[in-house]
Amino acid sequence: MTSWRRFERQEATLEYWEIRQEGIRCFLRWGSDRTRGKASTTTLEDEERARRHAARKVDERLRKGFTEVDPPTDPAEAEAGTPVLDVIAGSVGPYAPTAPYLPVDGFDEVYRRAHSPDHPMGFHEYYVLREQGSSAVRFAVRAGSHQHETVAGFLEFLCSRRDLAFDGRSHHKVPLPSPVGSFDHALFCSPALGRACAAYPGAAARVATAFPVFDCEIGDEDAEVLVDARIHGHASLPCSDWGRSPYPAVDMRFDVRPSYYRPSPKFKVHRAADVQKLMDVLPKASSQSWLEVRSFRGETMRLEPDTSLSFADVLSFLVG
């Protein structure tokens with residue numbers, strides 16, 4: 001993991017600004033000695049664009065009078081040798097655990113903790129440890145869809161592949177040898193992509209994510225930026241809901257006028273509801289209007305004002 005760079009400027013208060021570029025992401029933290037700090041993450045299409053973005057941001061701060069200084073000790077470095085669960089158990093603040101992690105019977109180095117299991121928004125959190133607990137793969141299941149047999153089936157699959165998310169690739173979409181509930185595939189995400197432990201900086205770079213998915217929810221050839229948008233963006237998968245129906249990947253580009261949507265010449269991740277809204281106005285749009293939808297298979301469907309397909313037809317195409 002790359003290190004943070006820190007910049008400071010002394011005016012009425014001591015202002016600080018920090019940046020770290022890792023892969024396709026740029027992480028920012030900023031504030032002053034009198035205010036609570038803030039943070040943001042920007043995800044770019046590839047590493048070269050991320051490097052250029054970080055360089056532009058640094059140049060902006062230098063032009064505004066900031067000076068680079070030695071950064072404070074990063075929690076990830078200070079706790080690098082501490083087992084993942086010890087880092088989480090020793091944390092303080094709103095995300096600090098209130099109950100211990102307990103071993104899961106029948107599985108080696110697997111631990112579970114229940115968060116308000118009787119509440120509608122409660123969930124069960126699982127950690128599959130590796131390397132004597134120095135790293136792990138995490139997943140969570142909403143209490144309302146948690147079934148022990150289903151989870152056990154996924155754990156059997158995951159335990160034999162606990163190293164997969166640490167092989168240097170951002171993600172893997174893997175067919176399940178037998179269904180887990182209604183799911184037929186699993187998605188493994190690197191720590192940077194999954195952001196499983198973003199609330200615990202000392203462990204964040206050592207905890208990957210895995211969860212079951214439907215085939216139609218992640219494209220076989222999806223780049224990291226698309227998977228990031230699918231699991232974290234405005235159309236994100238409800239990945240902890242193991243009782244959900246298929247939530248198909250929806251990539252769309254369009255130029256529909258007039259409409260409330262600004263034309264988008266490039267494929268971007270959208271919700272199925274956005275497709276339906278554009279289809280509702282497309283028959284009355286200008287004759288030059290068009291809409292293209294791309295499925296998880298990479299196949300494209302083009303719709304124009306005189307297209308007779310229904311929204312149900314489009315959903316069938318997306319689900320496959």
Side-chain angles (χ1 to χ4, degrees), residues 24 43 45 123-126 128 137-142 144-147 150-151 153-158 161 164-165 169-196 208-254 264 266-279 291-301 311-320:
I24 65 171
T43 303
E45 291 186 22
F123 62 96
H124 298 260
E125 182 183 25
Y126 289 82
V128 178
V137 183
R138 176 191 180 274
F139 66 87
V141 189
R142 284 290 177 196
S145 61
H146 185 274
Q147 296 180 348
T150 302
V151 173
F154 187 65
L155 281 173
E156 289 179 3
F157 175 79
L158 177 55
R161 296 164 176 79
L164 189 58
R169 292 181 56 183
S170 66
H171 63 280
H172 296 268
K173 175 187 170 187
V174 184
L176 292 166
S178 58
V180 170
S182 299
F183 300 104
D184 50 16
H185 283 69
L187 182 67
F188 291 78
C189 300
S190 68
L193 174 59
R195 306 182 208 172
T209 305
F211 51 89
V213 295
F214 293 98
D215 190 18
C216 66
E217 294 177 334
I218 300 292
D220 293 335
E221 303 300 327
D222 273 354
E224 182 180 359
V225 66
L226 287 176
V227 178
D228 188 283
R230 299 202 200 290
I231 64 177
H232 298 301
H234 72 285
S236 60
L237 285 173
C239 55
S240 62
D241 179 5
W242 286 25
R244 71 177 186 270
S245 300
Y247 200 82
V250 179
D251 296 335
M252 184 168 61
R253 62 183 179 185
F254 55 87
S264 175
K266 295 177 62 176
F267 277 114
K268 294 183 179 180
V269 174
H270 287 79
R271 299 168 298 179
D274 296 321
V275 179
Q276 185 170 22
K277 289 178 181 178
L278 281 168
M279 287 186 67
L291 162 65
E292 288 186 350
V293 181
R294 184 174 62 189
S295 75
F296 72 99
R297 301 177 303 275
E299 299 172 349
T300 301
M301 173 183 284
F311 178 63
D313 294 327
V314 175
L315 276 184
S316 178
F317 165 76
L318 291 172
V319 173

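The structure displayed is predicted, hence computed values, not measured ones.
- In plain terms, the two heavy atoms of Met279 and Val314 that are nearest each other are SD-CG2, 3.7 Å.
- Taking 4.5 Å as the limit, some side-chain heavy atom of Asp220 sits within range of a side-chain heavy atom of Asp215.
- The number of heavy-atom neighbours closer than 6.0 Å to NZ of Lys268, taken from other residues, nucleotides and ligands shown, is 12 or below.
- Residues Val180 and Thr150 are in side-chain contact: their nearest non-hydrogen atoms beyond the backbone lie under 4.5 Å apart.
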task: Report the C-alpha distance between Phe214 and Val319 in whole Å, list the side-chain angles of each, state the deciding distance to 0.1 Å, and finish with yes or no for side-chain contact (heavy atoms from CB on, under 4.5 Å).
output: CA-CA 9 Å; Phe214 293 98; Val319 173; over 6 Å; no

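- A salt bridge links Arg230 with Asp251: the closest approach of a Lys/Arg side-chain nitrogen to an acidic carboxylate oxygen falls below 4.0 angstrom.
- The pair Lys277-Asp274 does not meet the salt-bridge criterion, since no charged nitrogen lies less than 4.0 angstrom from a carboxylate oxygen.
- Here CZ of Phe267 is found 10.0 Å from CE of Met252. Values are rounded to the nearest 0.5 Å.
- Between Phe188 and Phe157, the two ring planes are tilted [angle within 30° to 60°].
- Pairing each heavy atom of Ser145 with each of Gly243, the nearest pair is CB-N, 3.4 Å.
- Heavy atoms only, all atoms of each residue included: Ala229 and Val269 are closest at CB-CG2, 3.8 Å.
- The distance from atom CD1 of Ile218 to atom SG of Cys189, rounded to the nearest 0.5 Å, is 7.5 Å.
- From Arg142, atom CZ reaches atom NE2 of His124 across 11.0 Å, with rounding to the nearest 0.5 Å.
- Remark: Leu278 CG to Leu291 CG distance equals 6.0 Å, nearest 0.5 Å.
- Taking the side chain as every heavy atom from C-beta outward, Leu187 and Leu237 never approach each other to under 4.5 Å.
- For the residue pair Tyr247 and Ser236, the shortest heavy atom distance occurs at CE2-O, 3.6 Å.
- Glu299 CD: more than 12 foreign heavy atoms inside a 6.0 Å radius.
- Shown here for Glu217 and Ala249, the closest heavy-atom pair between the two residues is O-CB, 3.7 Å.
- Geometrically, Arg244 does not engage Phe183 in a cation-pi contact defined by less than 6.0 Å to the ring centre and at most 45° from the axis.
- With sequence neighbours excluded, no residue forms a salt bridge (charged side-chain N to carboxylate O under 4.0 Å, His left out) with Arg169.
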field: Test side-chain contact (heavy atoms from CB on, under 4.5 Å) applied to Leu176 and Asp184, step by step
entry: CA-CA 5 Å; Leu176 292 166; Asp184 50 16; 5.6 Å; no

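- When all heavy atoms of Ala196 and Thr209 are compared, the closest pair comes out as CB-OG1, 3.2 Å.
- Considering only heavy atoms from C-beta on, Leu193 comes within 4.5 Å of Ile231 through its side chain.
- For the atom pair SG of Cys239 and CZ of Phe211, the computed distance is 4.5 Å after rounding to the nearest 0.5 Å.
- Between Phe154 and Phe139, the ring planes lie perpendicular to each other; the angle is over 60°, past the 30° to 60° tilted range.
- The distance from the CZ atom of Arg195 to the CG atom of Asp228 is 4.5 Å, given to the nearest 0.5 Å.
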